[in-house]
Colleague: 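Mind looking over this structure? Questions follow.
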Amino acid sequence: MAKVYRRPKLYAKQTAAFFEPKDAQGNPARYSWIEGSTKSGKTVSCMAWLVEQAMLKGKPGREFWWVAPVSGTAKIAFGRIKRGLKGKKIINHTDMTITIGNGAVLRFKSAEKPDNLYGEDVWAAVMDEASRMREEAFYAVRSTLTATRGPIRIIGNVKGRKNWFFIGSRKAEAGEPNHSYHKITAADAVAAGVFPQEELDDARAALPEAVFNELYFCIPTDDGGNPFGLKHIRANIAPMSKKPTVAFGGDLAKSIDWTVLHGLDEDGCTSEHHRFQLSWKATIMRVRLICGYITSFLDSTGVGDPIVEELQDGNGENSNFKGYKFTQASKQMLMEGLAVAIQQNEIQYPEGVIVNELESFEYEYTRTGVRYTAPEGMHDDCVMALALAVHAKKNRAAQPQGLIL
Ligand SMILES: Nc1ncnc2c1ncn2[C@@H]1O[C@H](COP(=O)(O)OP(=O)(O)OP(=O)(O)O)[C@@H](O)[C@H]1O
Ligand SMILES: [Mg+2]
């Protein structure tokens, strides 16, 4: 076994949380709930644990599952374990499985469609990034462990209080038998030498305090790290306006996405919202028909560029159609403008897809700064169109309006 696999050197808190979890009575716990800081080594520990489970309990065909929020993240874990495992193994890229020497099957799955998580008997499971998954995924995975009495590790960042992962962690912390609770903060990771102090200081300086506390110290905020503020988002919900539209923002479909056009009236209230999937030619016609001569800012990044040019019909920037090119910096500026508009109640929008997208937005911290972004696998086209509409409304006075009949 030593040649095939060697457990990475884990620090004491990692070992306690992932390999030796105990419940409040001091008995070995089948469930371990781990709230962990970003980059504290959650994924690495769970990988080692799942591989060891498969080695200890594996028999031909026995399933050991890695569940991630979307298939992209499941694939990353698949790749990391694949590379880390030496020795005899059969890799199936289509199914994302690794069958090891004793016949155990490590399977990497996405939680996007919880229905696809039912049906098998599973001998051990990991739910990585649990706070980004729906509760149904947990029910499904737990059901697969019933017949085998298999153990599970549920790990993630803290993301607000209103989610099953937070609630499950609180129950475990309160002493639920057979459940173990652990918190691993950035301070633990720094003390163990796996996370640099400078990086932590840098993140503290760059992030809003509440977001920093959530990501690095597992202290929940009511907003769950939402850059617009959940209270503010909800304060602006209003029915569609019947007044005429004075400005449009548009997100043009990139391959499989939707084209979204968002119209605001003179008070900033949503007066129109269109969402469609058409060929480029039909899209151009539809956009012309909807926007007419009203100032319209459209995302002209990449494939959007020739479309905007065609809409401008040779009039360039004198046209009511304006291109907005997304770079990291310009997108950030646009999002900040939207945040201000939301927080100062300058706009209103109806309940539904726009609110859902706004609520799912999060901060992303990278070495080069902080960004507002939709979580992987979620759409952001309504938010982009809304942000461009806010921008269009602000910038329309300075623009010649052409013919308004
Ligand atoms: N005990 C350890 N010893 C050495 N390096 C470690 C240890 N634990 C984690 N690391 C390293 O720290 C980095 C982050 O680990 P990992 O991806 O597991 O963290 P995470 O908490 O899952 O992060 P994320 O927030 O990105 O999900 C990796 O490069 C990993 O190799
Ligand atoms: Mg991770």
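Order of appearance sets the numbers: ligands from 1, and atoms from 1 within every ligand.
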Colleague: Distance alone, cut at 3.5 Å: any donor-acceptor contact between the side chains of Glu272 and Thr245?
Modeller: yes
Colleague: Between Trp65 and Lys109, is there a cation-pi geometry (under 6.0 Å to ring centre, at most 45° from the normal)?
Modeller: yes
Colleague: Is there a heavy atom of Met47 sitting under 4.0 angstrom from any atom of ligand 1?
Modeller: no
Colleague: Below 4.0 angstrom, counting only protein heavy atoms, does anything approach atom 9 (C) of ligand 1?
Modeller: yes
Colleague: On the ring face of Tyr31, is Arg142 found with NZ or CZ under 6.0 Å from the centre and within 45° of the axis?
Modeller: no
Colleague: Only pairs under 3.5 Å count here: list side-chain donor-acceptor contacts from residues 167-177, not counting sequence neighbours, and write none if there are none.
Modeller:
| unit_1 | atom_1 | unit_2 | atom_2 | d |
| --- | --- | --- | --- | --- |
| Ser169 | OG | Phe165 | O | 2.8 |
| Arg170 | NE | Glu173 | OE1 | 2.9 |
| Arg170 | NH1 | Glu35 | OE2 | 3.3 |
| Arg170 | NH2 | Glu35 | OE1 | 3.0 |
| Arg170 | NH2 | Glu173 | OE1 | 3.1 |
| Arg170 | NH2 | Tyr181 | OH | 3.2 |

Colleague: If you measure from each heavy atom of Arg80 to ligand 1, is any distance below 4.0 Å?
Modeller: yes
Colleague: State yes or no: are the ring centers of His262 and Phe248 separated by less than 6.0 Å?
Modeller: no
Colleague: When you compare ligand 1 with Lys42, is there at least one nitrogen or oxygen pair between them that comes in under 3.5 angstrom?
Modeller: yes
Colleague: Heavy atom to atom 6 (C) of ligand 1, shortest distance: which of Thr43, Ile184, Val194 holds it?
Modeller: Val194
Colleague: Hey, can you pull the donor-acceptor pairs under 3.5 Å for the side chains in residues 70-78, sequence neighbours left out?
Modeller:
| unit_1 | atom_1 | unit_2 | atom_2 | d |
| --- | --- | --- | --- | --- |
| Thr73 | OG1 | Val70 | N | 3.4 |
| Thr73 | OG1 | Val70 | O | 2.9 |

Colleague: What's within reach of the Mg ion (ligand 2), meaning protein N/O/S atoms under 2.8 Å?
Modeller: Thr43 OG1
Colleague: For atom 15 (O) of ligand 1, what's the nearest protein heavy atom and its distance?
Modeller: Gly41 CA, 3.6 Å
Colleague: Using a 4.0 Å cut-off to any heavy atom of Lys9, which atoms of ligand 1 qualify?
Modeller: 1 (N), 2 (C), 3 (N)
Colleague: State the atoms of ligand 1, each with its element, that fall below the 4.0 Å cut-off from a heavy-atom position in Glu129.
Modeller: 27 (O)
Colleague: So, Trp33 versus Phe18, ring centres under 6.0 angstrom or not?
Modeller: no
Colleague: Do NZ/NE/NH1/NH2 and the carboxylate oxygens of Glu214 and Lys159 come within less than 4.0 Å?
Modeller: no
Colleague: Run the numbers for me: atoms of ligand 1, each under 4.0 Å from some heavy atom of Leu10, listed by number.
Modeller: 1 (N)
Colleague: Centroid-to-centroid, Phe228 to Phe361, below 6.0 Å?
Modeller: yes
Colleague: Does atom 13 (C) of ligand 1 have a protein heavy-atom neighbour under 4.0 Å away?
Modeller: no
Colleague: What protein heavy atom is closest to atom 30 (C) of ligand 1, reported as residue, atom name and distance in Å?
Modeller: Val44 CG2, 3.6 Å
Colleague: Is Asp128 salt-bridged to Lys42, cutoff N-O under 4.0 Å?
Modeller: no
Colleague: For Ser40 and ligand 1, answer yes if some heavy atom of the residue is under 4.0 Å from a ligand atom, otherwise no.
Modeller: yes
Colleague: Taking NZ, NE, NH1 and NH2 as the nitrogens, is one of them in Asp305 or Lys325 under 4.0 Å from a carboxylate oxygen of the other?
Modeller: yes
Colleague: Identify, with sequence neighbours excluded, every residue that meets side-chain hydrogen bond (donor to acceptor under 3.5 Å, both in side chains) alongside Ser45.
Modeller: Gln14
Colleague: Any salt bridge linking Glu112 with Arg134? Criterion: basic side-chain nitrogen under 4.0 Å from a carboxylate oxygen.
Modeller: no
Colleague: Considering only non-hydrogen protein atoms, determine which one is nearest to atom 23 (O) of ligand 1 and report residue, atom name and distance to 0.1 Å.
Modeller: Lys39 N, 3.1 Å
Colleague: Using a 4.0 Å cutoff against the non-hydrogen atoms of Ser37, which atoms of ligand 1 qualify?
Modeller: 21 (O)
